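Data first, discussion second: the structure below is written as structure tokens.
These numbers were taken from a predicted model, which means no experiment stands behind them. Just so we're on the same page: letters track the sequence lines, and every chain starts at 1. Reckoned from all heavy atoms, side chains included, excluding hydrogens, waters and symmetry mates.
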Amino acid sequence: MPELPEVETTCRGIRPHIEQTQITNVTVRQPKLRWPITPSLKKHLKNQTITGVRRRAKYILIDTSNGTLMVHLGMTGTLSIVSPSIPASFHDHVDIALSSGELLRYRDPRRFGSIHWSKNIECHALITHLGPEPLSTEFTPDTLYLKSRQRKTSVKQFIMDGKIVVGVGNIYANEALFKAGIHPKRQAGKISLKRYEHLVEQIKTTLSEAIEAGGSTLNDFYNSDGKPGYFQFSHLVYDKANKPCPVCKKPITCTKLGQRATYFCTVCQK
DNA sequence: CTTACCGCCTGTCGGC
DNA sequence: TGCCGACAGGCGGTAA
């Protein structure tokens, strides 16, 4: 499941291959993603030059001379650079052919991802409603604390709300709450500023470390289907039900919170 | 405004 | 061993 670090790693991996190249062709084999791919996608992209690659939340933004391609990887999506000699397999839904001779290939077995094109992406509804980037200076304990007042939802669901802060998925929410010593079910509106300071710090460092580790994968990004580098570090609590807590050795608890698997230590998180 | 829940998909896993 | 139902999960949409 691509979390923010994996999306960032993908941006960095494809950027040197696609920037300043021209799109020579677009092949859509399966338009039915989370939202259907617009039939006009090819018309908008063909013959355009790619001017930059950015990330906003978990969206990959590929800027061209006349607009922006917005790609979300959903649960199982990948965007990779491949040689045209590699035949498309069943789940390879879109190929973007480049003047360099390489292909930018979108693969998504579960099709939870999406591909949009917009002339002015900053005004796209999916972008305008987003909260601050977790690694930006706008994401601070003070703003998080202020936004949380009167909120009855759990702190875990609160930090996974894209209007509050983007890019904190289930894995990193679990990990950051564990490191900050905060019980995931604690009511967001009843957490002190001091504790939000710890939480913000842990969200930032956990994501940063994962991005840094992902960077180690970039050497073999081309034609690579390997896992990003940060998978070499196993998680502390995520997917560790009944395994000993890395700090106190008490078995990790697994429960559901808003339909999502939630892992925590009843001793270390209060 | 909030909160809770739905549904899109397919690969994987547990039970029989 | 093989089948089949349950389920996971990001996240926008919608109902209450």
Side-chain angles (χ1 to χ4, degrees), chain A residues 1-11 28-38 55-61 70-79 88-94 106-116 118 121 123-134 143-177 184-191 203 207 210 225 227-228 231 235 237-242 252 254-264:
Chain A
M1 61 222 70
E3 291 260 351
L4 184 139
E6 196 167 346
V7 177
E8 179 63 33
T9 299
T10 297
C11 284
V28 178
R29 300 184 192 84
Q30 169 60 277
K32 289 167 144 182
L33 304 185
R34 174 157 192 205
W35 289 284
I37 297 177
T38 318
R55 178 188 61 73
R56 178 71 174 101
K58 290 181 191 168
Y59 291 101
I60 297 165
L61 305 180
M70 175 169 71
V71 179
H72 197 290
L73 302 178
M75 288 291 301
T76 52
T78 54
L79 198 54
S89 51
F90 182 55
H91 295 298
D92 293 337
H93 306 314
V94 179
Y106 178 81
R107 175 183 173 83
D108 188 2
R110 238 140 125 187
R111 290 191 268 140
F112 270 31
S114 64
I115 298 181
H116 288 89
S118 172
I121 199 69
C123 297
H124 196 287
L126 293 176
I127 295 289
T128 55
H129 297 152
L130 295 173
E133 286 289 325
T143 56
L144 194 59
Y145 175 80
L146 278 176
K147 285 182 185 175
S148 71
R149 295 307 93 179
Q150 317 291 79
R151 291 292 297 261
K152 296 204 179 305
T153 193
S154 70
V155 61
K156 177 165 180 262
Q157 289 171 292
F158 181 65
I159 59 170
M160 289 179 70
D161 180 345
K163 290 190 284 299
I164 303 303
V165 57
V166 301
V168 181
N170 197 34
I171 293 176
Y172 290 98
N174 280 300
E175 296 294 295
L177 285 165
K185 286 190 176 174
R186 185 158 294 278
Q187 202 175 311
K190 290 187 174 172
I191 291 178
I203 289 172
L207 288 173
D225 50 10
K227 294 230 191 302
F231 272 97
H235 309 298
V237 292
Y238 181 77
D239 205 20
K240 299 288 182 187
N242 302 316
I252 296 297
C254 179
T255 183
K256 280 288 180 68
L257 207 43
Q259 339 267 72
R260 317 245 181 131
T262 301
Y263 302 88
F264 64 100

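- Note: CZ (A:Phe112) to P (C:dA8) measures 12 Å, nearest angstrom.
- Residue contacts for A:Leu73: at a heavy-atom cut-off of 4.0 Å it reaches no nucleic acid atom on any strand shown.
- Within the 4.0 angstrom heavy-atom criterion, no nucleotide atom of any strand lies near A:His129.
- When the nearest nucleotides of DNA chain B are assigned to A:Gln259 and A:Lys147 by heavy-atom distance, the more 5′-ward of the two goes with A:Lys147.
- Contact annotation for A:Lys163: no contact, since no heavy-atom pair falls under 4.0 Å across all strands.
- In A:Arg55, the CZ atom is crowded: over 12 heavy atoms of neighbouring residues, nucleotides or ligands sit closer than 6.0 Å.
- A:Ala261 comes within 4.0 angstrom of sugar-phosphate atoms only, judged by non-hydrogen atoms across all strands, and of no base.
- Using cut-offs of 30° and 60° on the angle between ring planes, the pair A:Tyr106 and A:His93 is tilted.
- Among the heavy atoms of the strands lying under 4.0 Å from A:Tyr59 are primed sugar atoms or P, OP1, OP2 only; no base atom is included.
- A donor-acceptor pair is defined here as one N or O able to donate and one able to accept, closer than 3.5 Å; such a pair exists between the side chain of A:Arg111 and the backbone of A:Lys32.
- Atom pair A:Glu6:CD and C:dG10:P shows a separation of 12 Å (rounding to whole Å applied).
- Two residues, A:Met75 and A:Arg34, neighbour DNA chain C, and the one matched to the more 5' nucleotide by heavy-atom proximity is A:Met75.
- When the nucleotides C:dG12, C:dA8, C:dC11 are ranked by their closest atom to the side chain of A:Leu126, C:dG12 comes out on top.
- A:His72 contributes a side-chain N or O that, together with a main-chain N or O of A:Gly74, makes up a donor-acceptor pair within less than 3.5 Å.
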